[in-house]
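In what follows, chains carry the letters A, B, and so on, assigned in the order in which the sequence lines appear, proteins first and then strands, with residues in each chain numbered from 1.
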Amino acid sequence: MALLGQYLVNGIMLGTIYALVAVGFTLFFGVLDVIKFSHGDVLMVGAFAGFTAAMAVAAVGISNPVLQLAASVVFALSVTAALGAAIAKWLILPLKHAPRMNILLVTLMLGTALREAVRLFYPDGSNPKAFPALLPTSALTLGDFTLRADSAILVAAGISVIVGLHLLINRTRLGLAIRAVAQDEETARTMGINYALVVLVTFALGSGIAAVAGVMNGLYYNEVNFGMGLLLGLIGFSAAIIGGLGNLYGAILGGFLFAMLQMLGAVAMPFASAYKDVFAFAVVIALMAWKPTGLIPERASERV
Amino acid sequence: MNQLFSRMPPLAAAALAALLAFVFAVVFMEQESDVAVISLLALGAVAAWGAGRVGLSRRVSAAAATRPGAVAALGGAVALGLLAVFAEDHFPLLMLSTVMLYATVALGLNVQFGYTGVVNFAGAAFFGIGAYTAAELVGRTALPPILVLPLGGLIAAVVGLVLVVPVVRTRGHYAAVVTIAFSVLFKTFLEVNDTLGGPQGLSVAPLSLFGWSFGEGPEILGISASFYLNYALAALAVLALAFVMVRRLERSWIGLSLDAVRLDETASACYGIGIRRSKILAFVVGNLVIGTAGALYGSMLGYIAPTSFTFSDSLILVAIVLLGGMGSPWGTVFAAAIVVILPEKLQAIQEYRFLLFSVVVMAILLFRPEGLLPRAVRRYMPAPKEVAR
Amino acid sequence: MMQVETALALDTLGLPITPERLLDIQGLAKSFGGVRALNDVSFSLGRGEILGLIGPNGSGKTTSFNVLTGLYRPDGGKILFDGADITGNSPQAVYRAGIARTFQRSRLCLELSIFDNIMVGNHARLNHGLMFNLFQRKAFRLEVESALAEATELAASFSPNLAAAMFEPVGALPMIERRRIEICRALISRPKLLLLDEPSAGMTHDETHQLMDDILAVRERQGGLSIIIIEHEMGVIERVSDHCVVLNYGEKIAEGSYQDIASDRLVQEAYLGSEVGR
Ligand SMILES: Nc1ncnc2c1ncn2[C@@H]1O[C@H](COP(=O)(O)OP(=O)(O)O)[C@@H](O)[C@H]1O
Ligand SMILES: [Mg+2]
């Protein structure tokens, strides 16, 4: 029973991280109808940026974990936001009228380039880095079941980011502009919206959220490594697809669903827990066979 | 100046180009120092540019259009010549064989997404399925390679059938995620599966054909060749077969249907082309080719591990297709040579190869999406001579 | 609700479909979300007849082609073609039954040659066997040669420039030539029914005139081809159509000869204030 509770907490934790990644995919798809496959690796860059900032702050003698954490998050956010906007400006917008496949390929290759760049050029980048434990580790114990404070804080932080995004999209002028562009580029332009700017901001926003997920992931596993983005990106994308691309709430749902799937795999097959990722991806493939455009279908059928 | 070669018969121009390529390749392969390699690369680039300026390239293209068979034979002759020159040396032979097998794989991928638009980011996984099949078959049975190789292809195609439904029903990025997921799944599976050697991998017994083991170097005309010569010859045979078949496929009504499916599914359907049938055909044929090459690759290396068949390797294979030019068989072979040989010759970039090629492909996509040797317009039969003028 | 239809199909009045009637559309309906693109549309077409399908923008003309060719599944109604029920058939089956179409927004494969594009339309008459295509290259070559001769002749009847450039990529050609290629692609398989969706969009008056003459000449040669043409230029409709159907908001509002519908009050109202229909 306690074990099940532990699984549940883990599932919620992972689900929050996955949802944050999936939300990025959905935002990009919304405004540009493109998939940015480098998203996971942008997340990894964010995690490394956060790690670097935490280390740098510690190196100048500040050992207050709150300050370290703040520096870590702020730096990670700014690096990835800039990176996301740059990707949109120099790689994705120029290819807007090329075959869709080319955008897919260019972002896949960019993902590899980021991954390799960190592996090769970050000091000792090919080895995993121990992310400092910046959150309190005290725990609440109920019988066999323990709820650690850091897990609770991470989940709360993730959920507040999601709520914040929801408010941003639905309550602000920026959100209105993003929704307008997502609806219809031409109409948005005639409404006087600066299309290119909205696209750049959206990419910055989605990438920044990925950085939060990256830092959360680092705090949760106490580790960052150059390959972490590939799997997280793939999971986030699968989650976005499960929820129907372009649907923000679908993406969040998809993230939690995927985490549950992994937990289910681990619970149902304890003898073969090594196969839990194999199981999760097999389910994704099966799902695509069943619903080729996700559980919530894509917007309109093609006009002829 | 511009007209220097414009009177030359196309086939003579092609033969001259083949000879130049052969000499260049021999000299290039023998260089050891980074400086020499880089100088030769620069020389090659200048020569290629010069060949365009003096009209040689156009004559060669004309030869490829009017006498495709003869030009393919010239290509085969260059390859055989290289194998003969390096018959005694392990390393160059291993490199040449790898080029030929990667080129074969990229030809298979070309059928899938160069022609049909069915993306496959699990190329290395199907390559690996071929290799693991060979490992299991060669060790446990006495099947001759003539059977082991196609069985590798067959198993790859059969495993690929698992993906057929999602691949055929999805399009674009949805299809991409299916194959990416499979790519990651495959490697994870290999790592956790003990019967397939887990992360350490498996050793593969050498192939043998009627008692003649590929593991021993043959004696030819008094010289004792490297045992890799066996594999290099087999790789050349596999590549030649794949090349001829892929060209025939492209220059046929089936090839036309595949192109039409890639370019416009709606219009294709309105003109009777079976979308699913075309995609299944392309996916299965492509995996067959890839798996066959994988079986030979596995037995040649003698040792295989999950790390050779990762998602990054799949991307390298895709990079070959894009670099050469989508749907361009000659471009594919050329690009395979660049992608395989360059990191081996330039030790300085060996470590950086994934980074280098991903950046190169990004540049290609942004600035020259048609690739290095762009695909020519389809001619179903050799073009009439007038085209050569 | 739906009877099995074979050669003895019955029309809406319960009368057997006479062999002179090639196409019978009965009560066709199609909605997209809340938009009723087609609402209870019925009309029929005789063999060798040319029908003008007109109506303001968004009135459901293209949608009726899309439903007819199997791209969209109708929500209701029946399509009888050449004595068989083809309602809900796949686009491929509709093409094999003898219906070929062009698209309002040109849909050629721009990277492929003129010959390739025309051959896409010839799918039904080409041998797609794996053995034939890969291993019987001599026989394949003969088929290519005869197909090339036929396609060149067809292209020449629209434009000598096309016939001279059969192996040039389509993407390099001007819009008018592309329109002609699209029509060649539809005609090459000698369909029984040709569906033309605004074939003259973007052409000048003279070019449109020429194009229609060329189509009629090919029709003459092929003998008895039936055509449904969607066209905004009323001069064209007046000249070529035997009979017209007018749609508005997805409903048929008038039917008859061009003179009949031109003087119809409902039709005039439908066009009033809309920029089309000069
Ligand atoms: N694939 C589709 N999805 C949603 N609405 C569509 C689709 N195709 C057509 N429509 C709608 O159906 C109506 C009729 O369109 P259409 O048949 O293209 O008109 P026409 O060809 O007469 O100009 C329009 O309101 C159009 O917006
Ligand atoms: Mg229309």
Side-chain angles (χ1 to χ4, degrees), chain B residues 65-66 68-69 111 114-115 117 241-242 244-278 280-282 284-285 288 325-328 369-370 374-384 386-387, chain C residues 65-66 69-71 90-97 99-103 106-130 132-138 140-145 147-148 166-170 182 185-186 188-189 191 195:
Chain B
T66 53
V111 173
Y115 299 146
L241 187 67
V244 169
M245 283 302 135
V246 167
R247 296 229 75 182
R248 285 189 179 185
L249 184 73
E250 192 232 345
R251 301 167 165 221
S252 75
W253 303 134
I254 300 177
L256 173 61
S257 297
L258 301 184
D259 270 324
V261 167
R262 177 183 89 253
L263 294 166
D264 193 334
E265 285 191 16
T266 303
S268 300
C270 286
Y271 286 104
I273 298 173
I275 309 294
R276 261 179 230 171
R277 181 177 176 275
S278 305
I280 293 174
L281 178 83
V284 170
V285 166
L288 200 67
M326 288 251 260
S328 156
E370 72 276 19
R375 176 180 176 188
V377 163
R378 182 198 332 270
R379 311 214 64 131
Y380 295 84
M381 26 193 196
E386 304 88 81
V387 174
Chain C
F65 276 13
N66 289 343
T69 52
L71 287 177
S90 70
Q92 287 88 348
V94 172
Y95 164 78
R96 280 194 300 272
I99 301 181
R101 70 174 286 179
T102 66
F103 297 90
S106 171
R107 293 194 86 114
L108 291 171
C109 302
L110 298 184
E111 296 169 24
L112 303 185
S113 66
I114 299 177
F115 179 58
D116 276 356
N117 272 284
I118 298 180
M119 281 308 107
V120 166
N122 211 13
H123 190 266
R125 294 160 76 226
L126 300 174
N127 185 343
H128 279 78
L130 207 55
F132 176 77
N133 276 271
L134 292 186
F135 299 108
Q136 299 169 340
R137 294 300 282 183
K138 289 229 174 67
F140 176 75
R141 199 181 160 135
L142 290 179
E143 189 167 293
V144 171
E145 276 164 4
L148 179 59
M166 293 301 274
F167 288 98
E168 296 299 321
V170 164
E182 241 192 310
R185 177 172 73 178
I188 189 78
S189 63
L195 308 178

Heavy-atom proximity to chain B below 4.5 Å, by part of C:F103: side chain
Per-residue contact mode, C:F135 against chain B (heavy atom under 4.5 angstrom): both
Looking at [options], which makes the most heavy-atom pairs under 4.5 Å with chain B?
{"options": "C:N127, C:V94, C:I99", "result": "C:N127"}
{"options": "C:E145, C:R137, C:R141, C:E143", "result": "C:R137"}
{"options": "C:G129, C:S113, C:A186, C:G70", "result": "C:A186"}
{"options": "C:R96, C:E168, C:M119", "result": "C:M119"}

Check: B:Y271 side chain, C:P91 main-chain N or O, donor-acceptor pair, under 3.5 Å: no
Between [atom1] on residue [X] and [atom2] on residue [Y], distance to nearest 0.5 Å:
{"X": "B:E265", "Y": "C:R107", "atom1": "CD", "atom2": "CZ", "value": "10.0 Å"}
{"X": "C:L134", "Y": "B:R247", "atom1": "CG", "atom2": "CZ", "value": "14.0 Å"}
{"X": "B:S252", "Y": "C:L126", "atom1": "OG", "atom2": "CG", "value": "10.5 Å"}
{"X": "B:I254", "Y": "C:L130", "atom1": "CD1", "atom2": "CG", "value": "4.5 Å"}

Most contacts with chain C, counted as non-hydrogen pairs under 4.5 angstrom, among B:S257, B:G274, B:C270: B:C270
For chain C, the option from B:R378, B:R262, B:M245, B:R375 that forms the most heavy-atom pairs under 4.5 Å: B:R378
More than 12 heavy atoms of other groups within 6.0 Å of C:R125 CZ: yes
Residue pair B:L263, C:L112: steps toward the side chain to side chain contact (heavy atoms under 4.5 Å, CB included) verdict: CA-CA 9 Å; B:L263 294 166; C:L112 303 185; 3.7 Å; yes
Residue B:P382 versus chain C: region with a heavy atom under 4.5 Å: side chain
Segment of B:R251 engaging chain C (4.5 angstrom heavy-atom cut-off): both
Is there side-chain contact between [X] and [Y], with heavy atoms separated by less than 4.5 Å?
{"X": "B:I273", "Y": "C:Y95", "value": "no"}
{"X": "C:Q92", "Y": "B:R277", "value": "no"}
{"X": "B:L249", "Y": "C:N133", "value": "no"}

Geometric class of the C:F140/B:Y380 ring pair [parallel <30°, tilted 30-60°, perpendicular >60°]: tilted
